[in-house]
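Every heavy atom of this structure was used, including side-chain atoms; hydrogens, water molecules and symmetry mates were not. Note that the structure is predicted; figures quoted are calculated from it, not measured. Residue numbers start at 1 and run along the sequence shown.
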Amino acid sequence: MISVVVNSMNEGKKLEKCLASVKGWADEIVVVDMESSDNTQEVAATAKAKVFTHKKVDYIEPVRKFAVAQAKERWVLLLDPDEVVPKSLQMELKRIAGENL
């Protein structure tokens, strides 16, 4: 029902917490990495995310559009690598998605 999409570049440390907050309730996790030189791709793979690479660009819109196109679920939640989804929001998102199939 819900895909979580994260665009990242050199955010391995922050990304780990972000992905941990969606693992277990998101039906799919998509991470698009913009040629990071850190462990971003390894962190995403460890979280069982689908990892894609995109050329680094000056603004996020084309990368975000590419990332959303990779998502396969009906609902898409866009997150930045420094965002964490609290338990209360997880439950609310699942409820809303379930009611609007």
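With rounding to the nearest 0.5 angstrom, the CZ atom of Phe66 is 8.0 Å from the OG1 atom of Thr53. Between atom NZ of residue Lys55 and atom CD of residue Glu35 there is a gap of 8.0 Å, rounded to the nearest 0.5 Å. Atom NE2 in His54 sits 12.5 Å away from atom CZ in Arg64 (nearest 0.5 Å). One distance of note links CD1 of Ile2 with CG of Leu93; it measures 5.5 Å at 0.5 Å rounding.
Listed for the Asn10 side chain is no donor-acceptor partner under 3.5 Å among the backbone atoms of Thr40. A donor-acceptor distance shorter than 3.5 angstrom exists from the side chain of Gln90 to the backbone of Val85, with no hydrogens or angles considered. Distance alone, capped at 3.5 Å, is enough to place a donor-acceptor pair between the Asp38 side chain and the Gly12 backbone.
Using a 4.0 Å cut-off between a side-chain N of Lys or Arg and a carboxylate O of Asp or Glu, Arg95 and Glu92 qualify as a salt bridge.
Val76 and Ile29 end up in different hydrophobic clusters when Ile, Leu, Val, Met, Phe, Trp and Tyr side chains are linked at under 4.5 Å. Both Val57 and Val5 belong to a common hydrophobic cluster when Ile, Leu, Val, Met, Phe, Trp and Tyr are linked at side-chain heavy-atom distances under 4.5 angstrom. Linking ILVMFWY side-chain heavy atoms closer than 4.5 Å, directly or via other members, places Val51 and Val6 in two distinct hydrophobic clusters. Hydrophobic clustering of Ile, Leu, Val, Met, Phe, Trp and Tyr side chains at less than 4.5 Å, counting indirect connections, keeps Leu19 apart from Val63. Trp75 and Leu78 fall into different hydrophobic clusters, defined by Ile, Leu, Val, Met, Phe, Trp and Tyr side-chain heavy atoms under 4.5 Å apart, directly or through other members.
Counting non-hydrogen atoms of neighbouring residues, nucleotides and ligands closer than 6.0 angstrom, the NZ atom of Lys94 exceeds 12 such neighbours. Counting heavy-atom neighbours within 6.0 Å of Glu16 CD, excluding the residue itself, gives a total of 12 or less.
Each of Glu28, Glu73, Lys72, Arg74 was scored for a side-chain hydrogen bond (donor to acceptor under 3.5 Å, both in side chains) with Ser3, with one residue passing: Glu28.
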- Query: Does the pair Glu42 and Leu15 meet the rule for a side chain to side chain contact (heavy atoms under 4.5 Å, CB included), with working shown?
  - Reply: CA-CA 10 Å; Glu42 292 82 8; Leu15 184 63; over 6 Å; no
- Task: Any chance you could lay out the side chain to side chain contact (heavy atoms under 4.5 Å, CB included) test for Asp80 and Glu11, step after step, and finish with the verdict?
- Result: CA-CA 10 Å; Asp80 289 333; Glu11 297 281 1; over 6 Å; no
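Nearest heavy atom pair, residue Cys18 against residue Leu79, reads SG-CD1, 4.0 Å. Across every non-hydrogen atom of Val30 and Ala71, the tightest pair is CG2-CA, 4.2 Å. Taking both residues in full, the closest heavy atoms of Ser36 and Met9 are given as OG-CA, 3.2 Å, listed atom of the first, atom of the second, then distance.
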